[in-house]
Amino acid sequence: MAVTRTFSIIKPDATRRNLTGAVTKMLEDAGLRVVASKRIQMTREQAEGFYAVHKERPFFGELVEFMISGPVVVQVLEGEDAVKRNRDVMGATNPADADEGTIRKTYAESIEANSVHGSDSDENAKIEIDFFFNEDELVG
Ligand code: UDP
Ligand code: MG
């Protein structure tokens, strides 16, 4: 299995509850390494651009408001089969459907305020990493 990278966001519901360390520990315990990380306040333009794929969905407006409601931590994670490994430890989008031991089952407040984002493919991981990081910020 190849070592790859994925993109993660620790969302405002988690930073608000001081869970940055707790969430990161679950990522690390799942075999992922944080090779870049920064705490940012997303702008409305960034949130709309990042979630542009969802702009026709009924929840888009509220999702953008939520994502700019407080700071987030954007991260690049590295590990074997990183996209799937991260999706597995994140759990299902709706915490009510998430497996025990996943980040969303443990910490998510709702289907919207679900504590973490993770890329869904290698292709999208690259696009999302490039959206928030410059090459010289990926320090390994
Ligand atoms: N979301 C929401 N309502 C829904 C579905 C999704 O508010 O009915 C939010 C939620 O924060 C989710 C994000 O939109 O994480 C992106 O949705 P996606 O289907 O890509 O889920 P994910 O890949 O994050 O599991
Ligand atoms: Mg998604």
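Note that ligands are numbered from 1 as they come in the structure, with each ligand's atoms numbered from 1 the same way. Keep in mind that what you see is a predicted model, and the values were worked out from it rather than measured.
Dense packing is recorded around NZ of Lys105, with more than 12 heavy atoms of other residues, nucleotides or ligands lying under 6.0 Å away. Atom CG of Asn18 is surrounded by 12 or fewer heavy atoms from other residues, nucleotides or ligands within 6.0 Å.
Atoms of ligand 1 found under 4.0 Å from any heavy atom of Asn114, numbered from 1 in the order shown, are 10 (C), 11 (O), 12 (C), 15 (O). Heavy-atom proximity to Arg87, at under 4.0 Å, picks out these atoms of ligand 1: 22 (P), 23 (O), 25 (O).
Remark: Glu28 pairs with no residue by the salt bridge (Lys or Arg N to Asp or Glu O under 4.0 Å) rule, at least two apart or across chains.
In this structure, Glu62 falls outside the shell of residues with a heavy atom less than 4.0 angstrom from ligand 1. Using a non-hydrogen distance threshold of 4.0 Å, His54 registers as a contact of ligand 1. Contact analysis puts Leu63 in contact with ligand 1, with a non-hydrogen atom separation below 4.0 angstrom.
Applying the side-chain hydrogen bond (donor to acceptor under 3.5 Å, both in side chains) test to every pair with at least one member in residues 131-140, sequence neighbours left out, gives these pairs: Lys38-Glu137.
In this structure, atom 24 (O) of ligand 1 lies nearest to the protein heavy atom Arg104 NH2, 3.0 Å. Residue, atom and distance of the protein heavy atom nearest to atom 11 (O) of ligand 1 are Glu112 O, 2.8 Å. Protein heavy atom in closest approach to atom 10 (C) of ligand 1: Ile111 O, 3.2 Å.
When heavy-atom distances to ligand 1 are checked against a 4.0 Å cut-off, Met67 has no atom that comes that close, whether in backbone or side chain.
Of the listed residues (Tyr51, Phe59, Phe60, Phe50), the one carrying the non-hydrogen atom nearest atom 1 (N) of ligand 1 is Phe59.
Looking at every heavy atom in both residues, Gly118 comes nearest to Arg87 through O-NH1, 2.9 Å.
Between Thr93 and ligand 1, a contact under 3.5 Å exists for at least one N or O pair.
Classification of the Phe132-Phe50 ring pair by plane angle, with boundaries at 30° and 60°, yields tilted. His54 and Phe59 have tilted rings, their planes meeting at an angle from 30° to 60° on a 0 to 90° scale.
With Asn114 contributing its side chain and Thr93 its backbone, the two residues share a donor-acceptor pair below 3.5 Å.
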